[in-house]
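Read the structure below first, then the notes.
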Amino acid sequence: MRDLLPDMPGGLGVRDLWLARKGKMLLDVPELCLDGPGPTLILGPNGAGKSLLLRCLHGLIAPDRGRVTQGGEPLNDTHKARQAMVFQQPVLLRRSVAANLDFVLRRQSLPRVTRKARMAELLAEGGLDGKARQSARSLSGGEAQRLAILRALALEPETLFLDEPTSALDPGATQAIEQMVLRASARGVRIVMVTHDIGQARRLAADIVMMQGGHVVEHGAAKQVLDAPNSPASRRYLAGGLVT
Amino acid sequence: MQGFASEFSSALALIVAGDPELWAIVLLSLQVSVFAVLISAVIGMPVGAALAVARFPGRRVLIVLMNALMGFPPVVVGLLVYLMLSRSGPLGVLELLYTPTAMIIAQVVLVTPIIAALTRQVVEMLAEEYSEQLRSLGVSRLASVPVLLWDARLALVTALLAGFGRAIAEVGAVIIVGGNINHVTRVMTTTIALETSKGNLALALALGAILIGIAIAVNAMVSTLSLRAEQEGLRHA
């Protein structure tokens with residue numbers, strides 16, 4: 001396991017995180033610090049606790065013990081307002097594509113002209129320019145997920161969490177999402193993304209958090225974790241073996 | 001058989017000829033029920049939505065109570081409203097008994113639980129889907145209510161139509177508090193009951209046909225909107 005990092009300014013951290021339901025431990029993470037410049041990918045088998053960890057980091061689930069920190073401070077509403085999350089199944093409002101984006105832009109109290117310009121930028125960024133008036137519910141899976149990412153980006157987050165955003169998508173749609181993620185990362189948005197896909201981790205990750213059974217079994221630079229994993233669980237997962 | 005056919009043709013003649021008495025009764029029925037449904041919507045929708053998103057002790061009890069009120073016998077509602085509005089009742093001073101307002105009050109009492117319960121079901125289902133996403137976007141529980149109501153609009157119109165269906169077809173409560181007074185509180189259902197007992201089947205049949213027409217139209221609208229709501233991914237109970 002990578003040496004534990006001290007909290008850096010702006011760094012997202014976890015201290016003594018413990019979450020259990022009905023007497024069963026779901027997450028036990030003594031310490032974790034996500035402060036690298038590039039995308040962090042959380043990798044691991046089903047039930048490893050990846051999505052739960054993401055929800056704890058975003059403040060959607062309060063742990064039973066321990067805390068999530070941002071820049072050394074306990075995660076608070078101000079921090080949460082600078083985060084956004086995209087879910088495995090995109091949750092789109094039953095409105096048009098433009099109205100889904102406008103919902104977020106209006107909440108930022110932007111002047112109408114700025115809102116309009118920002119909307120055009122976002123639609124172009126997601127390749128949805130011609131679909132602004134279309135019902136969001138009629139989009140294809142890939143388009144719906146792109147809209148969900150655009151809506152999250154409309155918040156101008158410092159951190160963007162993505163929970164297996166491409167798990168149900170074909171290679172073309174996956175590639176489009178990955179390009180959006182990389183562009184957001186290049187603009188300085190901290191990306192924390194859950195995936196099962198080792199190839200995707202290789203394409204996107206700067207660092208990888210490997211999880212199994214509610215524990216972080218390894219955290220390190222992507223190349224090191226993927227090419228020379230330290231933990232037996234990581235080696236088995238990457239080799240395609242069964243990990244329980 | 002011949003008499004039956006002749007009553008039908010007389011009924012049809014009343015409708016086609018635009019019999020003023022018949023259409024006055026239809027108009028009053030529609031006015032009373034539309035007002036009642038609008039008032040019920042103003043009360044029932046926020047209550048239903050609040051019950052869907054709020055978490056507080058006794059919430060389940062309130063939901064059970066509200067669902068039970070949906071099946072409250074109309075004559076009992078009529079009796080209770082009658083007691084409230086009668087001269088010796090707490091609201092007797094308002095002198096509303098045997099007026100269309102009293103009938104609206106009775107229908108509001110009957111329809112509000114239906115609209116509130118259906119709203120609660122629809123909004124709760126949508127809230128389940130939206131909850132994490134709205135929280136992630138920084139929308140508070142309270143602020144999520146108008147978002148959910150708007151996004152559930154198709155299913156909520158269905159709830160309104162269901163309430164209207166109940167109101168327009170109601171007879172027990174309105175006859176008690178309205179008194180079935182000619183040209184004042186006589187609506188379709190109460191007139192049908194009265195005219196049938198008097199043997200004036202033509203007017204009763206004409207009103208019955210109009211009532212069935214309204215019921216079919218309302219159900220057609222409910223079906224169309226339900227289908228659209230399902231297509232939008234929202235199934236309502």
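In what follows, chains are A, B, ... by sequence order, proteins preceding strands, each numbered from 1. For clarity, every value in this text was computed on a predicted model and none was experimentally measured. Hydrogens, waters and symmetry mates are skipped; everything else that's a heavy atom, side chains included, is used.
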Between B:Glu132 and A:Asp163, does a side-chain contact (heavy atoms from CB on, under 4.5 Å) hold up when you go through it step by step? CA-CA 12 Å; B:Glu132 277 196 324; A:Asp163 188 5; over 6 Å; no

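Only the backbone of A:Ala84 comes within contact range of chain B, with heavy atoms under 4.5 Å apart. Only the backbone of A:Gln83 comes within contact range of chain B, with at least one heavy atom under 4.5 Å from a heavy atom of that chain. Heavy-atom distances place the side chain of A:Val104, and not its backbone, under 4.5 Å from chain B.
Other residues, nucleotides and ligands contribute over 12 non-hydrogen atoms within 6.0 Å of the CZ atom of A:Phe87. Heavy-atom neighbours of A:Lys80 NZ from other residues, nucleotides or ligands within 6.0 Å: above the threshold of 12. For A:Gln88, the CD atom is densely surrounded, since the number of other residues' heavy atoms within 6.0 Å is greater than 12. Environment of CZ in A:Arg187: crowded, with over 12 heavy atoms of neighbouring residues, nucleotides or ligands closer than 6.0 Å.
When each of A:Val91, A:Leu92, A:Val86, A:Asp77 is checked for heavy-atom pairs under 4.5 Å with chain B, A:Val91 comes out on top.
Summarising the geometry, atom CD belonging to B:Gln133 is positioned 4.0 Å from atom CZ belonging to A:Arg151; distances are rounded to the nearest 0.5 Å. With rounding to the nearest 0.5 Å, the separation of CG in B:Leu137 from CZ in A:Arg107 is 7.5 Å. Taken from CG in A:Leu93 to CG in B:Leu148, the straight-line distance is 9.5 Å, to the nearest 0.5 Å. The structure places OG of B:Ser136 at 7.5 Å from CG of A:Leu155, a figure rounded to the nearest 0.5 Å. Taking CZ of A:Phe103 as the start and CG of B:Leu134 as the end, the distance is 5.5 Å to the nearest 0.5 Å.
In this structure, the side chain of A:Arg94 does not engage the main chain of B:Leu154 through any donor-acceptor pair within 3.5 Å. At least one donor-acceptor pair closer than 3.5 Å links the side chain of B:Arg135 to the backbone N or O of A:Leu60.
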